[in-house]
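Here the structure is laid out as structure tokens; the discussion comes afterwards.
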Amino acid sequence: MTSPPQIEAVIDLEAFAANIAALAACAPTSALMTVLKANAYGHGMIPMARAARAAGSPWLGVATVDEALELRAAGDTGALLCWLASPGASFGAAVEAGVELTASSAEQLREIADASRGASDRPRVQLKVDTGLSRNGARGPQWTELVAAAAAEQAAGHVEITGTWSHFACADEPNHPANDAQQDVFRDAVDELSAAGVHPGLRHLANSAATLTRPSSHLDLVRVGIAAYGIRPDPTLTYETVLTPVMTLRARIAQVKRVPAGAGVSYGHQWTAGRATTLALVPTGYGDGIAIAASNRAELQVRGERVPLVGRVCMDQLVVDLGDGTATRGDVATLFGPGHDGEPTAQDWATASGTIAYEVVTRVGGRTVRTYKGLA
Ligand SMILES: *Cc1c(COP(=O)(O)O)cnc(C)c1O
């Protein structure tokens, strides 16, 4: 028997499936896309793709063409959209693999059409309008140019326009005026496209936060990322939907030792024992995605008790102060989990290290072994 991993992310596929079902119920008249970019926010792209399909997600979404091709190579055959490409991306291969591409400018639409000239199918392309995030997508006169290019390329039989979409800037602040403003811009952009004789196809705008709180934005499809992984898009966002965090990050204690009062702990002695105490060494660090900013701030759970992370997080290790508590080598130290048994959550780590929970789970990697439980 192999020994359990030193550092392990346990991924609860039942919770993932339940989250997807709950999110689908939030937007009952829209199709659902589960977003799997960046290794499924650290959860492992291929197993999460399989689980999302099994949970009834009709669409999957990723950022890059390479991520989409990796899903196809792993056997995924369902509806799949990607949306972020630098010039020279493998558009031809994506079209052959039945991946839907996004065009954010007329130039990109023509590049997609040119790259897939020899392909057996016409490229299926969705058009991205920048409604106010000022990131990807065509805005103002660029949109007018993209609309004209879409009309021309579709009439010439070079592409098939299958969708029109955009992305919110402030959906985790439901009362932010940018939300309504972006919906208005989106409506106008769709009207402009229709007026040019191009059917907009699937219209979509909502991310997790908008799926949970803004039914007027659900349109034909909702794109859910963080909420599918059971994490609140923002800790202050309120909604009725029950979501369960999918990832539990835990490690097995490598050493336990008693130190005297005054002992400095870890590089720079950023923490010093105020009295004699027991320390436990947890074999994970920034090499696995644990933020140095969590040094002296985060807590872990050992034997049912919350214990503070003391001193600086190192590349491979971190230290917790057990006080007069005890632990043995090999005991489990839980960094975060759903929080149902008193363990910290990814949001707690985000708060402790001055970031967002998205970053906490997405950074998990390095030597971390992902173990999948529940369902196949
Ligand atoms: C990441 C992403 C999403 C998902 O966002 P969440 O806030 O995680 O739900 C949706 N759409 C696009 C374009 C994205 O890049």
Side-chain angles (χ1 to χ4, degrees), residues 16 19-20 22-24 26-27 30-43 45 48-49 52 57-68 71 79-86 99-104 108 125-139 163-174 176 178-179 182-183 186 202-214 217-237 239 241 243 245-247 346-347 350 355-364:
F16 185 58
N19 294 339
I20 288 174
L23 290 161
C26 271
S30 309
L32 183 111
M33 175 187 289
T34 305
V35 178
L36 296 166
K37 63 193 181 188
N39 205 19
Y41 295 47
H43 294 66
M45 182 172 70
M48 299 318 273
S57 179
W59 280 86
L60 300 181
V62 290
T64 68
V65 171
D66 286 348
E67 288 174 318
L71 282 174
L80 173 59
L81 176 70
C82 64
W83 51 72
L84 184 63
S86 297
V99 174
E100 296 204 13
L101 298 165
T102 297
S104 281
Q108 195 170 38
V125 182
Q126 303 203 11
L127 305 177
K128 179 143 192 214
V129 52
D130 174 9
T131 54
L133 177 59
S134 303
R135 222 172 55 174
N136 212 1
R139 175 182 189 127
T164 306
W165 66 279
S166 191
H167 195 46
F168 279 119
C170 306
D172 49 6
E173 297 171 64
H176 198 293
N179 296 317
Q182 285 193 261
Q183 283 178 240
F186 187 73
L202 285 175
R203 298 158 304 148
H204 50 108
L205 191 49
N207 58 3
S208 291
T211 301
L212 290 162
T213 64
R214 186 165 268 269
S217 71
H218 290 173
L219 307 179
D220 300 319
L221 177 146
V222 296
R223 305 184 306 268
V224 295
I226 199 71
Y229 304 100
I231 293 173
R232 216 167 254 280
D234 183 278
T236 64
L237 195 70
Y239 47 83
T241 309
L243 301 171
V246 169
M247 184 190 292
Q347 181 57 51
T355 183
I356 57 176
Y358 289 73
E359 189 183 5
V360 171
V361 289
T362 303
R363 285 169 63 114
V364 167

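FYI, side chains are in, hydrogens and waters are out, and symmetry mates aren't considered; it's all heavy atoms of this structure. In each ligand, atom 1 is the first atom listed, and ligand 1 is the first ligand listed.
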#### Entry: Value rounded to 0.5 Å, distance of CG in Leu127 from CH2 in Trp165
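Going from the CG atom of Leu127 to the CH2 atom of Trp165 covers 11.0 Å.
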
#### Entry: Pairwise distance SG(Cys82) to CD(Gln126) - rounded to 0.5 angstrom
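Output value for this atom pair is 10.0 Å.
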
### Heavy-atom donor-acceptor pair, Asn136 side chain to Trp83 backbone, under 3.5 Å
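Yes, the answer is positive, given that a donor and an acceptor are paired below the 3.5 Å cut-off.
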
### Message
Checking Thr64 against Asp66: is there a side-chain donor and acceptor pair closer than 3.5 Å?
### Response
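Absent: no donor and acceptor within the cut-off.
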
Tell me the protein heavy atom at minimum distance from [atom], and give that distance in Å.
atom                    : result
atom 7 (O) of ligand 1  : Tyr358 OH, 2.6 Å
atom 12 (C) of ligand 1 : His167 CE1, 3.4 Å
atom 9 (O) of ligand 1  : Ser208 OG, 2.5 Å

#### Entry: Polar proximity ligand 1 side, Gly225 side, N/O cut 3.5 Å exclusive
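Yes, since at least one N or O of Gly225 sits under 3.5 Å from an N or O of ligand 1.
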
Numbered atoms of ligand 1 (with element) below 4.0 Å of [X], judged on heavy atoms:
X      : result
Trp165 : 13 (C)
Tyr41  : 1 (C), 4 (C), 5 (O), 6 (P), 8 (O)
Ile226 : 6 (P), 8 (O), 9 (O)

### Task
Only heavy atoms count here, so choose which of Arg223, His204, Lys37 is nearest to atom 2 (C) of ligand 1.
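Looking at heavy atoms only, Lys37 sits closest to atom 2 (C) of ligand 1.
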
### Query
Any side-chain heavy atom of Tyr229 sitting closer than 4.5 Å to one from Asn19?
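Not touching, per the 4.5 Å side-chain cut-off.
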
### Residue pair Val246 / His43: nearest heavy atoms and the distance that separates them
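Between these two residues, the closest heavy atoms are CG1-CD2, 3.8 Å.
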
